[in-house]
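Following: one structure in structure tokens, then a few remarks.
Since this is a predicted model, take the numbers as computed values, not measurements. Letters A, B, ... are given to chains in the order of the sequence lines, protein chains preceding strands, and every chain is numbered from 1.
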Number of protein chains: 2
Amino acid sequence: MQTERKSSGTVGKALSVLDQVASFERPVRFNDILEESPFPKATLYRILQNLVTEGLLTFDREWQTYALGVRLVRLAHSAWTQSSLAPVARPHLTALSEATGETIHLAQLDGPHVLYLDKRDAKRRITMFSEAGKVGPAYCTGVGKAMLAFLPEDELQRILPQQSYHRFTPATICSQQELSSELEQIRQHGFALDREDHEPGIICVAVPVLSRTKQMMGSISITSTSARTSLGKLKKFVPDLQNAASEVATAAEYWRFPDNQRTPEKMEI
Amino acid sequence: MQTERKSSGTVGKALSVLDQVASFERPVRFNDILEESPFPKATLYRILQNLVTEGLLTFDREWQTYALGVRLVRLAHSAWTQSSLAPVARPHLTALSEATGETIHLAQLDGPHVLYLDKRDAKRRITMFSEAGKVGPAYCTGVGKAMLAFLPEDELQRILPQQSYHRFTPATICSQQELSSELEQIRQHGFALDREDHEPGIICVAVPVLSRTKQMMGSISITSTSARTSLGKLKKFVPDLQNAASEVATAAEYWRFPDNQRTPEKMEI
DNA sequence: ATTGTAGTTTCACTATTCGGAACCTAAGGG
DNA sequence: CCCTTAGGTTCCGAATAGTGAAACTACAAT
């Protein structure tokens, strides 16, 4: 589940160490990191020191452990507010959840993975930090497939081989070929289905959020259990979902340039 | 409100640019950044490119703008989960909020600022990503003063001069001297008061979360309005607050080393 | 005393980064 | 149609920062 990025440059190396620390689920000692690090002792040591002085990591002198620093939380707050669909989508997700009584997800792509940015649970109406920020696979979730299907060809070709194609359930799509044809279907229908691909008993419908210029910005899904409902019934919500998605897209574009009605510059190529 | 950090090293420079982009409240063009950047054109350009390839920034080719990347959200999720008090404090905050019917905050220090990590509102029982991650001043908030008071002397001396001492209300503490004596009071009483220091009509009591070794880990507060209650009545909650704080501290320490009862190593010096 | 383990520092070497200047466009003006 | 300006991008020698083997410290166990 570790994102593979070309970690060229000093910043990249630092980031890869940061990711590594993040991948442990609790504070770690120097040696724990060293053991699975590609960097030699001295180099790793210096990188860690840099990260600590930058506030991206904290070092607990008492236990001699490193952990992610809270500075990240502040940056993420800005990221969530300014760069994700989450703030503008918020009311629409709430409305959807109330209208359908089911769980709603908002997701965007982070490299090859799905990153959940918001969630609305019909019962407990609560969005938690601990929900936003979670990652999941793209090739076998409704939100993931909906996004992949509407990605520009070149980006798609870069991302497809990076999927793990792990079989979670008997229904999981486990090859790039199968996925490609599924994506073609999705493109034609305009929505994606999760037929218990990822978790047994969990089904969902998802639609992409597309900008006026057909750029894929994220996706929204309605999730339920096969015990409570069926794919057939879930499909009835597609118009609502599409409606919400297009409203989110409009709101997002309007919000980005509220005081400015100029059209975007012509794209090169 | 920009955190001042010694941005030595390549990573530091990159981070300072990242902070700068974050400080705008919407996507920005190259020149917007350049205008208030200490870096020359070419350097800034390269740094931005690095940040984009690392996924910390996204570049919107359509509008030619930079914005914070969602990768930060993922990292922050780990930070929130693994390094802050938030996950272990969660149930205690809920309990406090239900017992008192008032708003509860959980905060930690991020450099010289207060960083809010969780919030429980008595009415709408909802913790939002948009709340966690917010920053505020330390010298004139309950949570801030409670934390400063229990900071080791050397750290305190580093942080005190970095406060802005801006006068928000007639009751705001506006000098380092006044603050120092207030902190002494707080140390003696064991809790801090916000007497409408920051916002008119808003009052609060706060206590620090202290580890077994008396290290300051964060703080918890109960906030209300002077219209609804008084400082005198809020003080009645101090025992509950202190109780919650010590339970959070214990839970945090237990959680860090669940399978491991060894005592921390002796600190040097 | 001896060996081992975890963490820190040194320093000659090297790869990155720096940034002034030149170079592209595209847009606007005369 | 050429000139100018502004936003953005590329070059390349000089300057800086990063690298990592090895040596060192501190402590614990043998």
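- Side-chain atoms of R187(B) come within 3.5 Å of backbone atoms of A149(B) as a donor-acceptor pair (strictly under, hydrogens ignored).
- In this entry the distance linking CZ of F39(B) with P of dT16(D) reads 14 Å, nearest Å.
- For K41(A) against dG20(D), a side-chain-to-base donor-acceptor contact under 3.5 Å is absent.
- In this structure, the CG atom of N50(B) is 14 Å from the C1' atom of dA17(D), given to the nearest Å.
- Between F59(A) atom CZ and dA6(C) atom P there is a gap of 15 Å when expressed in whole angstrom units.
- Backbone-only engagement by T10(B) is indicated by non-hydrogen atom pairs under 4.0 Å involving sugar-phosphate atoms exclusively.
- Each of dT10(D), dT8(C), dA6(C) was ranked by its minimum atom distance to the side chain of N31(A); first place goes to dA6(C).
- In this structure, the CG atom of L44(B) is 17 Å from the C1' atom of dA21(C), given to the nearest Å.
- Note on the helix from dA1(C)-dT30(D) to dG30(C)-dC1(D): angle between the axes of the first and last five pairs equals 10°, rounded to 10 degrees.
- Comment: R74(B) engages D110(A) in a salt bridge, judged by a side-chain N to carboxylate O separation of less than 4.0 angstrom.
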L115(B) and K134(B): CA distance, side-chain angles, deciding distance, side chain to side chain contact (heavy atoms under 4.5 Å, CB included) verdict: CA-CA 6 Å; L115(B) 186 124; K134(B) 279 194 174 159; over 6 Å; no
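- Nearest to the side chain of F30(A), among dG7(C), dG19(C), dT9(D), sits dG7(C).
- The CD1 atom of I47(B) sits 12 Å away from the C1' atom of dT16(C) (whole-angstrom rounding).
- Below 30°, between 30° and 60°, or above 60°: for F30(A) and Y45(A) the angle between ring planes is above 60°, a perpendicular geometry.
- A salt bridge does not link D32(A) to R26(A): none of the charged side-chain nitrogens sits closer than 4.0 Å to a carboxylate oxygen.
- Counting only heavy atoms from C-beta outward, the side chains of L148(B) and I186(B) never approach each other to under 4.5 Å.
- Listed candidates were dG18(D), dG8(D), dG20(C). Nearest to the side chain of A42(B) is dG20(C).
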